[in-house]
There are 2 protein chains.
Amino acid sequence: MKQTAPASDDGLKLSAWLPYRLFLVAAQVARPLERFYGETFGLSQAGWRILAVIAERDAANASEIRRACALDPFAVSRGIGQLTELGFAVRRSGKSDRRFAAVSITRSGRAAFNRIAALGSAIETRLLARLSESERVTLDSALTRLEGESARIDAGGWRALRDDAGTP
Amino acid sequence: MKQTAPASDDGLKLSAWLPYRLFLVAAQVARPLERFYGETFGLSQAGWRILAVIAERDAANASEIRRACALDPFAVSRGIGQLTELGFAVRRSGKSDRRFAAVSITRSGRAAFNRIAALGSAIETRLLARLSESERVTLDSALTRLEGESARIDAGGWRALRDDAGTP
DNA sequence: GCGATATGCTTGCACTTTGCAATTATATGT
DNA sequence: ACATATAATTGCAAAGTGCAAGCATATCGC
């Protein structure tokens, strides 16, 4: 007598499921970097992403950061708070509309960014070294489309997905 | 006089940085699914992953799950606890070595899994629809190598990475 | 045998992160 | 000037995480 499983899989195998595979690579690769900036600077993941964004713009308000980092407004606010506490960013209330505060990176923020980015680049280099030139090109263009589609999937929520499938 | 930035980037642009791009797709796509199984079954991310793993084996011990899910032993233990509380899995202490408890999925666990997997497959289908057949093949083989390399990067820790780069 | 040590897993507890309601500050429409 | 809208922040409860210590079982050395 067995009551554990009728064994009628839907056929989703975790290790072969594209979203999981992407997640796995991203997570494994992010872990050492997170450890580094966590231990060295006391920076959180959100903090690092925001730092990276303000390093490549000359000033950004919270909404721009939110869009660029895929973070919610709360996380952005807290991340900016963390960065200013660490002395890595400064807030100056905007000139025209003072609801938007401009955030910019400081000298020491940039120094920290550069050290983190060096590790980040090393990671990317090691990953890319495993791919041929044509694979890199293909991956780049494929990822661009996947980014677009994933944004739509996210925006639609799960109800939209259920309607895609055979309405379980 | 400006004190905000010497503007000497290391050239890491977040939105073009491979790990971030992978993360972004994975995160955006995972969010609706997480919402679904969270709201519907009260399942956590770890719970879902473990459920997926025991759905494709007939029984698994905690170590096998840990390897298959890239979770630490604590998370596995708690995830199994959650699944048994929900009635989605049962633990039976192993026959030969009773330190290893065999975990198997139950009938209702499989029912839940099938509903979640249906959404998961819908997501994957929508993503793959954006790619040509040859892109899918390339992505598959590229991802396999990236998985291997990312596991090595993770295992090596950040000190090994620093030595890769120009020792910052 | 049987104590010492190793292994697999679990629990408790402090700490961190997250989600959300409520709040503040500013701007805009009437 | 007052109501409403928008951007950002804060406070707090809930959930998640990391780690030390603990429990159960197995294996080794004698």
Side-chain angles (χ1 to χ4, degrees), chain A residues 23 27 30-32 34-39 41-50 53-54 59-86 89-104 154 157, chain B residues 23 27-28 30-32 34-50 53-54 59-86 89-104 154 157:
Chain A
F23 165 83
R31 194 151 22 198
E34 263 172 68
R35 254 184 186 297
F36 171 68
Y37 58 64
E39 288 171 10
F41 304 112
L43 213 55
S44 68
Q45 202 201 78
W48 150 244
R49 291 213 288 229
I50 295 170
V53 166
I54 61 178
N61 64 43
S63 294
E64 289 168 345
I65 293 172
R66 187 180 54 70
R67 270 188 300 276
C69 296
L71 292 169
D72 59 60
F74 312 114
V76 172
S77 177
R78 284 165 178 149
I80 294 173
Q82 181 180 62
L83 290 174
T84 56
E85 256 183 51
L86 292 169
V90 289
R91 260 189 259 241
R92 279 189 306 264
S93 45
K95 327 187 59 167
S96 52
D97 190 330
R98 283 204 310 227
R99 285 172 307 181
F100 301 81
V103 179
S104 7
D154 188 16
Chain B
F23 165 83
Q28 285 181 326
R31 194 152 23 199
E34 264 171 66
R35 255 185 186 296
F36 170 69
Y37 59 63
E39 288 172 9
T40 311
F41 304 111
L43 212 56
S44 68
Q45 202 202 74
W48 149 243
R49 291 213 289 230
I50 295 170
V53 167
I54 62 178
N61 63 44
S63 294
E64 288 168 346
I65 293 173
R66 186 179 56 71
R67 270 188 300 275
C69 295
L71 291 169
D72 60 61
F74 312 114
V76 172
S77 178
R78 284 166 178 147
I80 295 173
Q82 180 181 63
L83 290 175
T84 56
E85 256 184 50
L86 291 170
V90 289
R91 259 190 259 242
R92 278 189 308 264
S93 44
K95 326 187 60 168
S96 52
D97 189 331
R98 283 203 309 226
R99 286 172 307 181
F100 300 81
V103 179
S104 7
D154 188 16

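If you're wondering where the values come from, they're calculated on a predicted model, not measured in any experiment. Chain letters run A, B, ... following the sequence lines, proteins first, then strands; residues in each count from 1.
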Engineer: With a 3.5 Å cut-off and heavy atoms only, can you find an N or O donor on one side and an acceptor on the other between the side chain of Arg98(B) and the base of dT25(D)?
Structural biologist: no

Engineer: Rounded to whole angstroms, how far apart are CG on Leu71(A) and C1' on dT17(C)?
Structural biologist: 13 Å

Engineer: Would Arg49(A) and Phe23(B) satisfy side-chain contact (heavy atoms from CB on, under 4.5 Å), going step by step from the backbone distance to the final call?
Structural biologist: CA-CA 12 Å; Arg49(A) 291 213 288 229; Phe23(B) 165 83; 2.7 Å; yes

Engineer: Atom CD of Gln45(B) and atom CD1 of Ile50(B): how far apart are they, to the nearest 0.5 Å?
Structural biologist: 10.5 Å

Engineer: Give the nucleotide from the list dT10(C), dC20(C), dT25(D) with an atom nearest to the side chain of Arg35(B).
Structural biologist: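 It is dC20(C).
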
Engineer: For Ile54(A) and Ala60(A), which heavy atoms make the closest approach, and how far apart are they?
Structural biologist: CG2-CB, 4.3 Å

Engineer: Given dG18(D), dT6(D), dT10(C), identify the nucleotide with an atom nearest to the side chain of Arg99(A).
Structural biologist: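 Nearest to the side chain of Arg99(A) among the choices is dT6(D).
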
Engineer: Return yes if the base of dG18(D) and the side-chain atoms of Arg78(B) contain a donor-acceptor N/O pair under 3.5 Å, otherwise no.
Structural biologist: yes

Engineer: Any side-chain N or O of Ser44(B) below 4.0 angstrom from OP1/OP2 of dA15(D)?
Structural biologist: no

Engineer: Starting from the C-alpha separation in whole Å, work towards a yes-or-no answer on side-chain contact (heavy atoms from CB on, under 4.5 Å) for Val90(B) and Leu83(B).
Structural biologist: CA-CA 8 Å; Val90(B) 289; Leu83(B) 290 175; over 6 Å; no

Engineer: Expressed as a whole number of angstroms, how long is the span from Phe100(B):CZ to dA6(C):P?
Structural biologist: 17 Å

Engineer: Let me spell it out: for each of Arg91(B) and Ala46(A), pick the nucleotide of DNA chain C with the closest heavy atom. Which residue's pick is nearer the 5' end?
Structural biologist: Arg91(B)

Engineer: Could you please name the option among dA21(C), dG8(C), dT6(D) that lies closest to any side-chain atom of Phe74(A)?
Structural biologist: dA21(C)

Engineer: Taking for each residue the nucleotide of DNA chain D bearing the nearest heavy atom, is the 5' side occupied by Arg66(A) or by Ala75(B)?
Structural biologist: Arg66(A)

